[in-house]
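Below: one structure, written as structure tokens.
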Amino acid sequence: IITPVQVPTAFDGTDQCMLMTFHDLTPLRRVEEMRVDFVANASHELRTPLAALSGFIDTLQGPARDDAKARERFLGIMQAQATRMARLIDDLLSLSRVELSVHVRPDTQIDLAPLIKQVADGLEPLAKERQVAIEIELPEAPAVIAGDREELLRVFENLIENALKYGASGGRVAVSVGSVPSSDGGVEYRVAVRDFGPGISPEHLPRLTERFYRVDVGDSRSQGGTGLGLSLVKHIVNRHRGRLLIESVMKNGATFTVCFPPEKPRVRTEN
Ligand code: ADP
């Protein structure tokens, strides 16, 4: 806040002016608190699998040294913990990369329909394992947006994978790509990922995109989750100047919709 204060005319006849500047430090302090929380959370998340690894190494060097069966089992668990750490580090790196480039809007022309198809095909083994059918509804015309292919793949992989993991009991996941005309003559594309599982209770909805936020930490860990997926999704969607909408009805699943801003129609020159 800058407040100029006019004081009475000085003896030499000139106006004196005093300038007082106040800085509200609340947002800066909040950013600093978030940074400290983030480092604490990240360290804690990395420490958990590390502690497990270290415990199993001790056991393998001690009591289980000559027990081939136990060794086999423990090595399997250690492998899973190492994979978990690698995934966490990957997600942290992706998040910081996206955060750094958030002001640059990606500009490759990308057709959403084949991209969604590619993600769904890649997740078919998980869908089979969870006995969930992925139903896809795509438009006939191309649904082209300006974007970053790798980042968009991450967005839809995360959303469809979550639907398969947390909404598996619904038996199916519906993914649709639709469009709505915008007032400036362009088209806004929307991709919705819907599951029919238990849903998410309303108090969690506003916090789901916070880093490391999970409705049920044990459930997320057992599914191989890191709590960073939706945070990454939100950052990528922001970088694309889009919006992420989350809706849920308890016992009737959750819908995650990504809306991409309309591309301005190309200006055509008359002959
Ligand atoms: P995670 O790595 O734990 O999956 P995310 O950031 O992707 O992290 O999701 C955060 C949390 O949101 C999850 O741990 C889960 O509790 C909840 N969640 C996400 N998607 C769904 C869904 N489709 N149905 C129910 N809960 C969900």
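Both ligands and their constituent atoms are indexed starting at 1 by order of listing. Positions are given from 1 along the sequence. Excluded from the calculations below are hydrogen atoms, water molecules and symmetry mates; all remaining heavy atoms, backbone and side chain alike, are included.
The nearest protein atom to atom 12 (O) of ligand 1, hydrogens excluded, is given as L208 CD2, 3.4 Å; this is a heavy-atom distance. Scanning the protein heavy atoms around atom 3 (O) of ligand 1, the nearest turns out to be S220 OG, 2.6 Å. Considering only non-hydrogen protein atoms, atom 6 (O) of ligand 1 sits nearest to L230 N, 2.8 Å. The shortest contact between atom 23 (N) of ligand 1 and any protein heavy atom is with D195 OD2, 2.8 Å. Closest to atom 4 (O) of ligand 1 among all protein heavy atoms lies Y166 OH, 2.6 Å. For atom 10 (C) of ligand 1, the closest heavy atom belonging to the protein is Y213 O, 3.4 Å.
Between N162 and ligand 1, an N or O atom pair is found at a separation short of 3.5 Å. When only interatomic distances are considered, the shortest N/O to N/O separation between T226 and ligand 1 falls below 3.5 Å. Note: no N/O pair closer than 3.5 Å links R214 and ligand 1 by distance alone.
Nearest to atom 1 (P) of ligand 1 by heavy-atom distance, out of G227, G229, G199, is G227. Relative to atom 26 (N) of ligand 1, the option among V173, D91, I200 with the closest non-hydrogen atom is I200.
Using a 4.0 Å cut-off between charged side-chain N and carboxylate O, D219 and R214 make no salt bridge. Using a 4.0 Å cut-off between a side-chain N of Lys or Arg and a carboxylate O of Asp or Glu, R190 and E188 qualify as a salt bridge.
Each of D90, L92, N41 was scored for a side chain to side chain contact (heavy atoms under 4.5 Å, CB included) with L228, with one residue passing: L92.
The cationic atom of R172 (NZ for Lys, CZ for Arg) lies less than 6.0 Å from the six-membered ring centre of F196 and within 45° of the ring axis.
Under the 3.5 Å distance criterion, the side-chain polar atoms of T48 are matched with a main-chain donor or acceptor of H44.
Residue-level proximity to ligand 1 for V215 is carried by backbone and side chain together, each with a heavy atom below 4.0 angstrom.
In this structure the side chain of R243 never reaches within 4.5 angstrom of the side chain of V258, judged on heavy atoms.
For CD of E137, the number of neighbouring non-hydrogen atoms (other residues, nucleotides, ligands) closer than 6.0 Å is 12 at most.
Taking the six-membered ring where tryptophan is involved, the planes of H240 and F260 are perpendicular, since the angle between them exceeds 60° and thus also 30°.
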